[in-house]
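Convention: sequence-line order gives letters A, B, ...; per-chain numbering from 1. Just so it is clear, the values below take in all heavy atoms, side chains as well, and ignore hydrogens, waters and symmetry mates.
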There are 2 protein chains.
Amino acid sequence: MAYGTTLAALADPTRRAVFERLRDGPKSVGEVARTLPVSRPAVSQHLKALKVAGLVSDRAEGTRRVYAIDPQGVGELRHWLDQFWGDALTAFKHEVELGEPPRRRKKP
Amino acid sequence: MAYGTTLAALADPTRRAVFERLRDGPKSVGEVARTLPVSRPAVSQHLKALKVAGLVSDRAEGTRRVYAIDPQGVGELRHWLDQFWGDALTAFKHEVELGEPPRRRKKP
DNA sequence: TTGTTCCGTAAGCCATGTCTTACGGTAAGT
DNA sequence: ACTTACCGTAAGACATGGCTTACGGAACAA
């Protein structure tokens with residue numbers, strides 16, 4: 001259930017905004033906080049949650065701390081999602097919408 | 001930002017358990033509730049949230065109501081995740097871990 | 001050493017969301 | 001008509017989680 005932490009991390013809108021700020025390259029905490037309507041400690045807490053979830057990685061650069069997206073966490077989430085992406089599920093959906101299985105045996 | 005609702009829907013553990021119960025085929029509300037440690041109204045509310053998020057679809061079958069996984073919501077989430085799955089991001093991660101860009105210009 | 005900049009953490013307030021019980025409504029059977 | 005089975009919604013109690021301010025530590029410069 002590692003994807004539980006990952007999904008919870010991406011559920012919050014502000015935290016997702018922090019995550020998306022890192023899409024075009026690594027950034028420090030202050031750089032991200034300046035582009036968001038929340039305080040810097042809030043961004044720091046969000047980055048910690050993203051790190052625990054395996055979505056970002058950090059590195060010390062002097063007194064600054066640079067964060068970047070870690071594709072591993074994204075990959076695990078993708079892999080979990082594929083369980084619900086099969087052809088059988090599409091068939092199930094049609095079965096529910098039509099009210100009958102695709103192949104009918106009798107007709108009342 | 002349609003994926004916001006989708007991510008929020010999958011963030012809750014109980015709701016995710018409801019979603020996973022539908023992985024091996026459509027089920028009614030009572031059938032799902034019997035296999036979970038929560039009440040039936042709770043399951044009903046979770047299924048409503050999953051429906052709004054585009055993750056499940058429902059159909060009336062007599063007095064029962066059958067729910068099934070809707071691959072569309074899963075697909076949208078996958079598509080959003082692909083933004084953070086590129087090669088450039090992997091390069092960014094290495095840049096952060098190594099402390100230097102792959103190609104160094106000078107050496108102090 | 002002093003000062004500055006950058007950051008993480010703790011404590012508290014407050015909003016959000018989940019669960020329960022209670023109720024009403026629809027469909028099928030007797 | 002009456003009963004049973006199944007479901008959705010409302011209201012309230014309760015826990016969870018995000019945000020802020022305040023504080024302390026680490027690195028670089030003068």
Side-chain angles (χ1 to χ4, degrees), chain A residues 1 3-22 25-53 55-68 70 96-97 99-100 108, chain B residues 1 3-22 25-53 55-68 70 96-97 99-100 108:
Chain A
M1 323 179 208
Y3 46 87
T5 327
T6 311
L7 284 167
L10 292 175
D12 182 69
T14 317
R15 191 159 44 221
R16 198 166 51 243
V18 170
F19 185 63
E20 289 173 337
R21 292 293 185 284
L22 269 48
K27 285 183 179 51
S28 70
V29 181
E31 284 175 331
V32 175
R34 265 180 233 113
T35 68
L36 289 176
V38 293
S39 68
R40 181 196 52 80
V43 174
S44 193
Q45 294 166 358
H46 283 310
L47 283 169
K48 180 180 181 180
L50 290 170
K51 182 181 175 182
V52 171
L55 288 167
V56 301
S57 57
D58 61 333
R59 173 175 74 88
E61 182 176 320
T63 143
R64 307 198 320 162
R65 193 146 264 267
V66 180
Y67 286 83
D70 188 351
V96 166
E97 285 176 347
E100 282 288 342
Chain B
M1 340 177 192
Y3 46 87
T5 327
T6 311
L7 284 167
L10 292 175
D12 182 69
T14 317
R15 191 160 43 221
R16 198 168 51 242
V18 170
F19 185 63
E20 288 173 337
R21 292 293 185 283
L22 269 48
K27 285 182 178 53
S28 71
V29 182
E31 283 175 330
V32 176
R34 265 180 232 112
T35 67
L36 289 176
V38 293
S39 67
R40 181 197 51 81
V43 174
S44 192
Q45 294 166 356
H46 284 309
L47 284 169
K48 181 181 181 180
L50 291 170
K51 182 181 175 182
V52 171
L55 287 167
V56 301
S57 58
D58 61 334
R59 175 175 73 88
E61 182 176 320
T63 142
R64 308 199 318 162
R65 194 146 263 268
V66 180
Y67 286 83
D70 187 351
V96 167
E97 285 175 346
E100 282 288 342

(message) Once side chain to side chain donor-acceptor pair (under 3.5 Å) is applied, do any residues pair with A:Lys48, and if so which ones, sequence neighbours excluded?
(response) none
(request) Report the distance from atom CG of B:Leu50 to atom C1' of D:dG8, rounded to the nearest whole Å. (result) 15 Å
(request) Measure the spacing between CG of A:Leu10 and CZ of A:Phe19 and express it to the nearest 0.5 Å. (result) 5.5 Å
(request) Write down the distance between CZ (A:Arg59) and P (C:dC6), rounded to a whole number of angstrom. (result) 16 Å
(message) Can you give me the closest heavy-atom contact between B:Leu50 and B:Ala9, atom names plus distance?
(response) CD2-CB, 4.1 Å
(message) Restricting to side chain to side chain contact (heavy atoms under 4.5 Å, CB included), what partner residues turn up for B:Glu61, sequence neighbours left out?
(response) B:Arg59, B:Arg64, B:Val66
(message) If the cut-off is 4.0 Å, is A:Tyr67 near the phosphate of C:dG8, judged by side-chain N/O to OP1 or OP2?
(response) yes
Could you go through nucleotides 13-20 of chain D and list every protein N or O atom that sits under 3.5 Å from one of its N or O atoms, giving the distance for each pair?
residue: D:dG18; atom: OP1; partner: A:Arg15; partner atom: NH1; Å: 3.3
residue: D:dG18; atom: OP1; partner: A:Arg15; partner atom: NH2; Å: 2.7
residue: D:dC19; atom: OP1; partner: A:Thr14; partner atom: OG1; Å: 2.8
residue: D:dC19; atom: OP2; partner: A:His46; partner atom: NE2; Å: 2.2
residue: D:dT20; atom: OP2; partner: A:Ser39; partner atom: N; Å: 2.8
residue: D:dT20; atom: OP2; partner: A:Ser39; partner atom: OG; Å: 2.8
residue: D:dT20; atom: O4; partner: A:Gln45; partner atom: NE2; Å: 3.2

(message) Under the rule for side chain to side chain donor-acceptor pair (under 3.5 Å), what residues qualify as partners of A:Thr35, not counting sequence neighbours?
(response) A:Arg21
Distance-only check: which donor-acceptor pairs under 3.5 Å involve side-chain atoms of residues 39-47 of chain A, not counting sequence neighbours?
residue: A:Ser39; atom: OG; partner: A:Ala42; partner atom: N; Å: 3.4

(request) Calculate the interatomic distance between A:Asp58 atom CG and C:dC6 atom P; express it in whole Å. (result) 18 Å
(message) Among residues at least two apart in sequence or on other chains, which ones pass side chain to side chain contact (heavy atoms under 4.5 Å, CB included) with A:Ala60?
(response) A:Arg65
(message) Measuring from atom CG of A:Leu22 to atom CG of A:Asp70, what distance do you get when rounded to the nearest 0.5 angstrom?
(response) 11.0 Å
(request) Starting from P on D:dC6, measure out to NZ on B:Lys27 and report it in whole angstrom. (result) 16 Å
(message) Under 4.0 Å from OP1 or OP2 of D:dC7: is there any side-chain N or O of B:Ser44 that close?
(response) no
(message) Once rounded to the nearest 0.5 Å, what's the spacing between atom CG of B:Leu7 and atom CZ of A:Arg16?
(response) 5.5 Å
Under 3.5 Å, which N/O atoms of the protein pair with N/O atoms of nucleotides 25-30 of chain C?
none

(message) Please report the distance, rounded to the nearest Å, between CZ in B:Arg64 and C1' in D:dA5.
(response) 11 Å
(request) Measure across A:Leu36 and A:Ala17 and return the closest heavy-atom pair with its distance rounded to 0.1 Å. (result) CD2-CB, 4.0 Å
(message) Rounded to whole Å, how long is the line connecting atom CG of B:Leu10 with atom P of C:dG17?
(response) 15 Å
(request) Report yes if at least one side-chain N or O of B:Ser28 is closer than 4.0 Å to OP1 or OP2 of D:dC7; otherwise report no. (result) yes
(message) When the axes are fitted on five pairs at both termini, how much does the helix from C:dT1-D:dA30 to C:dT30-D:dA1 curve, in 10° steps?
(response) 20°
(request) Take atom CZ of B:Arg16 and atom P of C:dG17, then tell me their distance rounded to the nearest Å. (result) 17 Å
(message) With a 4.0 Å limit, can you tell me whether A:Lys48 has a side-chain N or O closer than that to the phosphate oxygens OP1/OP2 of C:dT9?
(response) yes
(request) Can you tell me the distance, in whole Å, between the CG atom of B:Leu7 and the P atom of C:dG17? (result) 14 Å
